[in-house]
Visitor: 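I have a structure here, written as structure tokens, and I will follow up with some questions on it.
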Amino acid sequence: MTECIECGADVTLHDDLEVGEIVDCATCGAELEVLGTDPVELDTAPELEEDWGE
Amino acid sequence: MTECIECGADVTLHDDLEVGEIVDCATCGAELEVLGTDPVELDTAPELEEDWGE
Amino acid sequence: MTVVVKIGGARAVNPEGALADIAELDEDCVVVHGGSTAVDDTLDAMGTEPEYVETPSGVVGRFTDEETMDVFKMALPGLVNTDLVTGLQNAGVDAVGLSGVDGGLLTGKRKSAVRVVEDGKKKIRRGDHSGTIQDVNADLLDTLLASGYTPVASPPMLAEGTAVNTDADRAAAAVAGALGATLVVLTDVEGVYADPDDPSTRIESVETPAEYDALTDAAEGFMTRKVMAATEALESGAREVVVASANAERPIVTALDAGG
Amino acid sequence: MTVVVKIGGARAVNPEGALADIAELDEDCVVVHGGSTAVDDTLDAMGTEPEYVETPSGVVGRFTDEETMDVFKMALPGLVNTDLVTGLQNAGVDAVGLSGVDGGLLTGKRKSAVRVVEDGKKKIRRGDHSGTIQDVNADLLDTLLASGYTPVASPPMLAEGTAVNTDADRAAAAVAGALGATLVVLTDVEGVYADPDDPSTRIESVETPAEYDALTDAAEGFMTRKVMAATEALESGAREVVVASANAERPIVTALDAGG
Ligand SMILES: [Zn+2]
Ligand SMILES: [Zn+2]
């Protein structure tokens, strides 16, 4: 269990968490990016404009 | 033994002749390019300007 | 009038019809090319797998890490561009190759992080070398055209001081917009069909917003990108956009006749 | 006055001193680069051995078959040129990359067969992609210079309709000759010494036939090619040739001061 950095609520994490993965906070809905897994470190996931092609 | 295409004299060839090799006619001094080895085919080797670098 | 011709960059596609056509055009011409298959072939020759990622909305695109970016430079401004310029020179066109980095031809903002979906998981991938064109150096193209040269341009573009990948169709669109030119997009497919099962419903050109709304509705699969690029070209100032088959005998003249 | 700067193309060599110097030059500048090590590195990444052959008179040179020629296009106008142009753009120089194929910048005759010595045997090797520069399209360079751009040129050259390898030092010499420019050849070695064991005997510039006779006598090993290129440059119309170290803090300004 780790705290949501937006609302402070506990965030449930699955076992095979990967760096770069985005998890949603079930309480406030914030998108959190996994910066590290051992120990788990979360930060607000950046908004990234999606483009239709490169 | 093969004939020199320049002077008609016999040209002595060594065993491990290679395509592209240049052999000299011992009689007239002509440079002969080996175009094929089985059977042996000779032609006058082209003059190629040598350059000092590429 | 200036014509911007977008051609594929695949070596397998024989561009000779297009090259001969360019030689006979009366109009000033700028060629823009891609070369994604050449990038994949070169990666393959080096024993590396190309990496494609899918965005949350389902768009599949190349992930261009630093090593892939080097291969991209080798394949596009290196192999494909040099071969095209050589082919044009042999066809009598005084072509000059340019990448988007040359003279800041194609500049804009870099996107180094992308949201992707892998195995159903949302992820952020960092280290991508891609960008979105915001400015075109039309002066460089005008300078060359005025002296009788035919610019042959391709990605990469220059973003925040780095050469990065950008879509070649969009690059052609940006160039056509900046020059107020007619854009001819040559493709291996025959075009966009209002009814894909009925060849007589091919949409040959778009000149009005209503027409390209119809085109957008009709475009499917990978053609979507070409249509989006066409939209961008028109919105940024291109006179007209024609999407046409590269396989016609005189593909560009045919496209211009159809579009004009 | 125009300055032609020949720089190495090796990625390992940090060209930043030279790039910053170019940004501060008051003179028009054309950059010419090679990139032989980048060709070898790319061949190596593809699992291919570079092939060097020796001519009857003992000159060692690359044998450029068709596959190697493709890699050459990837490495020089692709990777090395794009990186140099990017570096110059970041240094504030509005650089535009060109290969010798662009606009027929470097044209001449092809040499596809070479006499070589292998295992003591004289042989003829066919299929080489190399050539000798006979003409330089100075108009293309003048057009770009007049519009404020800095051309960054490299082999290949265009010979009989084919892109082929040519020596970068000689390319720089031909460009300097065509422009009546001062040629600054930057090298990794410190220069040519009248007495190689005495650093004080460095020959810093050559301006007269007598001086380059002395230089020719002094040059050894691979420096011979640089001296031959310097000779060609002067004979074809270059104002002056300076061979200088790339490792100085301000290599070009230092070279011009020494030469001027
Ligand atoms: Zn929360
Ligand atoms: Zn004989």
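Numbered from 1 within each chain, the chains take letters A, B, ... in sequence-line order. What you are looking at is a predicted structure, and each value in this text was computed from that prediction instead of being measured.
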Visitor: Of all heavy-atom pairs between D:Thr82 and C:Pro156, which one has the smallest distance, and what is that distance?
Guide: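 Heavy atoms only, the tightest pair is CG2-CG, 4.2 Å.
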
Visitor: Checking heavy atoms, do the side chain of D:Ala95, its backbone, both or neither come under 4.5 Å from chain C?
Guide: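 Backbone only.
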
Visitor: Mind checking side-chain hydrogen bond (donor to acceptor under 3.5 Å, both in side chains) for C:Ser236 and listing every partner two or more places apart, or none if nothing turns up?
Guide: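 None.
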
Visitor: I need the residue from C:Gly97, C:Gly87, C:Gly47 with the largest number of non-hydrogen atom pairs under 4.5 Å to chain D.
Guide: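 The candidate making the most pairs under 4.5 Å is C:Gly97.
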
Visitor: Give the minimum heavy-atom separation between D:Asp102 and C:Gln89, together with the two atoms involved.
Guide: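 That would be C-NE2, 4.3 Å.
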
Visitor: Heavy-atom distances under 4.5 Å only: say whether D:Asp139 touches chain C with side chain, backbone, both or neither.
Guide: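 For D:Asp139, backbone and side chain are both near chain C.
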
Visitor: Set out, in order, the CA-CA distance, both residues' side-chain angles and the distance that settles side chain to side chain contact (heavy atoms under 4.5 Å, CB included) for C:Phe72 and D:Leu79, then state yes or no.
Guide: CA-CA 8 Å; C:Phe72 190 98; D:Leu79 186 63; over 6 Å; no

Visitor: C:Val71 versus D:Met74: any side-chain heavy-atom pair under 4.5 Å?
Guide: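 No. Closest side-chain heavy atoms not under 4.5 Å.
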
Visitor: Counting heavy-atom pairs under 4.5 Å with chain D, which one of C:Leu140, C:Leu105, C:Val85, C:Asn90 comes out on top?
Guide: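 Looking at each of C:Leu140, C:Leu105, C:Val85, C:Asn90 in turn, C:Leu140 comes out on top.
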
Visitor: What are the two closest heavy atoms between D:Gly103 and C:Asp94, and how far apart are they?
Guide: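 Reported closest heavy-atom pair: CA-OD1, 3.1 Å.
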
Visitor: Do C:Val80 and D:Lys73 have side chains that approach each other closer than 4.5 Å (heavy atoms only, starting at C-beta)?
Guide: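 Side-chain contact under 4.5 Å: no.
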
Visitor: Set out, in order, the CA-CA distance, both residues' side-chain angles and the distance that settles side chain to side chain contact (heavy atoms under 4.5 Å, CB included) for C:Thr86 and D:Thr162, then state yes or no.
Guide: CA-CA 7 Å; C:Thr86 302; D:Thr162 304; 5.8 Å; no

Visitor: Considering heavy atoms only, which positions within residues 141-148 of chain D lie below 4.5 Å of chain C?
Guide: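 D:Thr143, D:Leu144, D:Ser147 fall under the 4.5 Å cut-off.
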
